[in-house]
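Notes follow the structure.
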Amino acid sequence: MLVPAERADALVKVELPDGKIASKTAVGKFPHDAAPSDGRVFVTNEFGNTISVIEGDRVVETLDAPEQPGGAAVSVAAGIVGVLGVRDHTLEFYDARTLRSLGKVDAGEGPTHIVAGPGDRFYVVDTRGGALLVFAARPKPSLLERVSLPGSPYGIAIDPRREHLWVTLTATNRVAVYDVSARAPRWLADYPTVRQPNSVAVDHSTGRVFIAGFKDGVLQLLAPTRP
């Protein structure tokens, strides 16, 4: 498990299931997110405006990033890294192999989190704008779809096996699920959650969904039937 230790300016690798620390790598200032890709890990340094590229347990390259880089995601199949600029409201793409920037695109009014989907599609939560945004990296970075999603959307997770996308709504204490088998996400259902559901994750093997409630410090397990 990869843990960006923000106040320690380090990426920590934790062994599972025993929880032992396997390694600790110094990165940039206030690392916020980490995205692995074929032997590399891309770490966004939120207060350093950089991306640390790690191979093994050492930084091999430091890239310029959008202003205040937050969420990051990698499409392994396409070989593309997407990084959100939280302060300048942009999304920048990079070639995961050459580390070359593929360009930048506006990403709404207040983007926070990102996941990679099929092909070179990337899904971004625009928290302030109340929307789910769908982007393509090639042939040039572009916005494909904007889906209105009121309720302060924040956490996001994808289930590639079922082609489902889960988004938490922190203002209404719900989580929405979308079918992303086509270009435009299609709403399937939404469910009540714990208070202030900031984070969501999916067990790809079972389809079970895990939701972390910040307000009460609890974890919710959701085992939905297929919508």
**Pairs meeting criterion ring-ring contact (aromatic ring centres under 6.0 Å, His included) with involvement of residues 61-105, two or more places apart** =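 Every pair satisfying ring-ring contact (aromatic ring centres under 6.0 Å, His included) with a residue in residues 61-105: F93-F122.
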Short side-chain to backbone donor-acceptor contact, [X] and [Y], under 3.5 Å:
X	Y	result
E46	G71	no
D120	R138	yes
R161	S205	yes
D159	V202	no
D95	R97	yes
T168	T170	no
S23	V12	no
Q220	I211	no

With rounding to the nearest 0.5 angstrom, report the [atom1] to [atom2] distance, [X] to [Y].
X	Y	atom1	atom2	answer
D57	T25	CG	OG1	4.5 Å
R40	E55	CZ	CD	4.5 Å
E92	K104	CD	NZ	5.0 Å
D33	T44	CG	OG1	5.0 Å
K29	N49	NZ	CG	10.0 Å
L84	I114	CG	CD1	4.5 Å

**Asked** With W166, which of V200, V115, I156 fulfils side chain to side chain contact (heavy atoms under 4.5 Å, CB included)?
**Response** V200
**Asked** Which of these, V59, I54, V74, sits in a side chain to side chain contact (heavy atoms under 4.5 Å, CB included) with V41?
**Response** I54
**Prompt:** Angle class for the H113/Y154 ring planes (parallel below 30°, perpendicular above 60°, tilted otherwise)?
**Reply:** perpendicular
**Item:** By side chain to side chain contact (heavy atoms under 4.5 Å, CB included) - contacts of N173 (at least two apart)
**Value:**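 In terms of side chain to side chain contact (heavy atoms under 4.5 Å, CB included), with neighbours along the sequence ignored, N173 is linked to T193, R195, P197.
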**Request:** Tell me, please, which residues at least two apart from L143 pass side chain to side chain contact (heavy atoms under 4.5 Å, CB included).
**Result:**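 Applying side chain to side chain contact (heavy atoms under 4.5 Å, CB included) to L143 gives L133, F135.
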Restricting to non-hydrogen atoms, name the atom on [X] and the atom on [Y] that form the minimum distance, rounded to 0.1 Å.
X	Y	result
S52	V27	OG-CB, 3.6 Å
E163	S181	OE1-CB, 3.3 Å
A107	L91	CB-N, 3.9 Å
D126	G108	OD2-CA, 3.3 Å

**Prompt:** Mind checking what makes salt bridge (Lys or Arg N to Asp or Glu O under 4.0 Å) contact with R174, not counting sequence neighbours?
**Reply:** D190
**Request:** Could you please spell out the steps behind the side-chain contact (heavy atoms from CB on, under 4.5 Å) verdict for V177 and Y191?
**Result:** CA-CA 9 Å; V177 56; Y191 303 91; 4.1 Å; yes
**Fill in**
Members sharing F210's hydrophobic cluster, built from side-chain contacts under 4.5 Å between Ile, Leu, Val, Met, Phe, Trp and Tyr, are L219, L221
**Asked** Which other residues end up in the same hydrophobic cluster as V86, if Ile, Leu, Val, Met, Phe, Trp and Tyr are linked when side-chain heavy atoms come under 4.5 Å apart?
**Response**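 None, because no other hydrophobic side chain comes under 4.5 Å of this residue.
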**D203 atom CG, neighbour heavy-atom count above 12 within 6.0 Å** = yes
**Request:** Please say whether more than 12 non-hydrogen atoms of neighbouring residues, nucleotides or ligands are located less than 6.0 Å from CD1 in I21.
**Result:** no
**Request:** Please lay out, stage by stage, how M1 and K13 fare under the test side-chain contact (heavy atoms from CB on, under 4.5 Å).
**Result:** CA-CA 6 Å; M1 181 170 61; K13 293 182 181 179; over 6 Å; no
**Item:** Path from F214 to L169 over hydrophobic side-chain contacts below 4.5 Å
**Value:** no
**Asked** Are T127 and S152 close enough that a side-chain donor and a side-chain acceptor fall under 3.5 Å?
**Response** no
**Message:** Looking only at side-chain N and O atoms, does T50 offer a donor or acceptor that is under 3.5 Å from a partner on N45?
**Reply:**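 Result is yes, a qualifying pair exists.
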**Asked** Just wondering, do V83 and I51 contact through their side chains at under 4.5 Å, heavy atoms?
**Response** yes
**Item:** L132 and L165, any side-chain heavy atoms less than 4.5 Å apart
**Value:**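 The answer is yes, as the side chains (C-beta and beyond) meet within the 4.5 Å cut-off.
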**Asked** Should D179 and R162 count as an ion pair when the cut-off is N to O under 4.0 Å?
**Response**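 Salt bridge between D179 and R162, a charged N being under 4.0 Å from a carboxylate O: no.
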